[in-house]
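Note sheet for the following structure.
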Amino acid sequence: MSTDNLNLPVIDLSELDNENTRADFYRKLRHMARDVGFFYLVGHGVDPAERDDLLQTAKRFFALPQDAKDKISMDNSPHFRGYTKLGNENTRNKADYREQLDIGEEVPSDVLPEEDPRFYLNLHGPNLWPAEVPELKEKALAYQDKMHSVAVKLLRAFVVALGLPEDSLDELINGVPRQLLKIVHYPANTGEDGEAQQQGCGPHKDSDFMALLWQDETGGLQVLTDDKGWVDAAPLKDSFIVNIGELLELTTNGYLIANVHQVVMKPGTNKARYSIPYFLSANLDVKEVPLLPLPAELQAQARGPTSDPLNPLFRDVGINAIKSRLRAHKNTTKKFYPEHYAEIEKRGTTRGRY
Ligand SMILES: O=C(O)CCC(=O)C(=O)O
Ligand SMILES: [Fe+2]
């Protein structure tokens, strides 16, 4: 595996608000999204002090004894919300060495049985909050709201950069936001747990429109590129790394490709790493992600969505969204979705079911 340092591709979102820089902003956005595959976002307006306050609050949660954290374990949430402890999440059938909190939109939800064709609606639902750190709820939800505004602004900018009206995807995101905020802790790699400690988060694509990912100064995030293989996405203070997700791949017919990324905690990374990814997704009931009517010259360059037997892409948003959750959080899957669990154990994917 080769690693390399990119000349960081940076985009300043505030250039969109100035008519003298707007055209250039769209040009850069299109170039970086298509040719580089990921980029750094600055000028986004999210206050670093507010983000840091959220992080410090979450660190108080991570510092609690294991049994206190397990009280809000995702193992007990059919909605895939709450706390995941070290080693309890899988990417490509290998355990990730990280612990995290998953926070989504707060929507009450019935729990549908897995036989129900709309069982993916279970992805809506209440979050789980730690009684020991009560201030976390308000801070996380306020931060999530801000991230939603930034992500929607960027999504609209994407479609304009592709030569289309800015509301072209609005129908998919109207109403209650479909989103996920994660606060993640990667322990320092002391070597105690051997090899297993290196996979902070295994190689994957994000299943939504995009992720806006804040990372601390530790480093470890890598993105797979066509020409250079794995490159380090080095930390850039107060920026978000933008990872293009599967929904943008599907809706552009592969003109944009969701990037594959991972977190590697190399031996000797003697410092813990924290990250706060935010994911913007689409309404779960969208049965068929529409193909954007791209201008002819872009259509001619569209490669079609990628096909990967271990990660098939579904145009049905609900199915595409829940497949990654079912694969990644096997304890939750085993408890609430046993038939899917059996399928994943047998084939390594949910493929046989759809
Ligand atoms: O923690 C990171 O930097 C990346 C995490 C990630 O890619 C994910 O959770 O989807
Ligand atoms: Fe990711």
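Just so you know, ligand 1 is whichever comes first in the structure, and atom 1 is the first atom listed for that ligand.
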Taking atom types as modelled and ignoring hydrogens, do the side chains of Glu249 and Thr306 form a donor-acceptor contact shorter than 3.5 angstrom?
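Yes, side-chain donor-acceptor contact under 3.5 Å.
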Suppose I only count heavy atoms of [X] and a 4.0 Å limit; which atoms of ligand 1 are within that range?
X: Asp206; result: 10 (O)
X: Ser275; result: 1 (O), 2 (C), 3 (O)
X: Tyr186; result: 1 (O), 2 (C), 4 (C), 5 (C)

Closest to atom 5 (C) of ligand 1 among His261, Arg98, Lys182 (heavy-atom distance):
Arg98
For [atom], the protein heavy atom that lies nearest, with its residue and separation:
atom: atom 4 (C) of ligand 1; value: Val263 CG2, 3.6 Å
atom: atom 3 (O) of ligand 1; value: Arg273 NH2, 2.8 Å
atom: atom 8 (C) of ligand 1; value: His204 NE2, 3.6 Å

Quick one: look at Val184 and ligand 1, take heavy-atom pairs under 4.0 Å, and tell me if it's side chain, backbone, both or neither.
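Neither part.
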With heavy atoms and a 4.0 Å threshold, my read on which part of Leu213 contacts ligand 1 is side chain
As a test of understanding, state which of Lys85, Lys182, Lys69, Arg273 forms a salt bridge (Lys or Arg N to Asp or Glu O under 4.0 Å) with Glu99.
Lys69
Taking everything shown except Asp227 itself, do over 12 heavy atoms lie less than 6.0 Å from its CG?
yes
Work out which heavy atom in Arg34 is nearest to a heavy atom in Gln301; give both atom names and the distance.
NH1-O, 3.2 Å
What about the rings of Tyr83 and Phe61, do their centers lie closer together than 6.0 Å?
yes
Looking at Tyr274, does the NZ or CZ of Lys59 lie under 6.0 angstrom from its six-membered ring centre and within 45 degrees of the ring axis?
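Flagged: Lys59 positioned over aromatic ring of Tyr274.
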Does any N/O atom on Gln215 come nearer than 3.5 Å to any N/O atom on ligand 1?
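No: no nitrogen or oxygen of Gln215 is under 3.5 Å from one in ligand 1.
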d(Asn243 CG, Lys205 NZ) to nearest 0.5 Å is 12.0 Å
Salt bridge Lys323-Asp316, side-chain N to carboxylate O under 4.0 Å
no
Could you tell me the angle subtended at the Fe ion (ligand 2) by OD1 of Asp206 and NE2 of His261, rounded to 10°?
100°
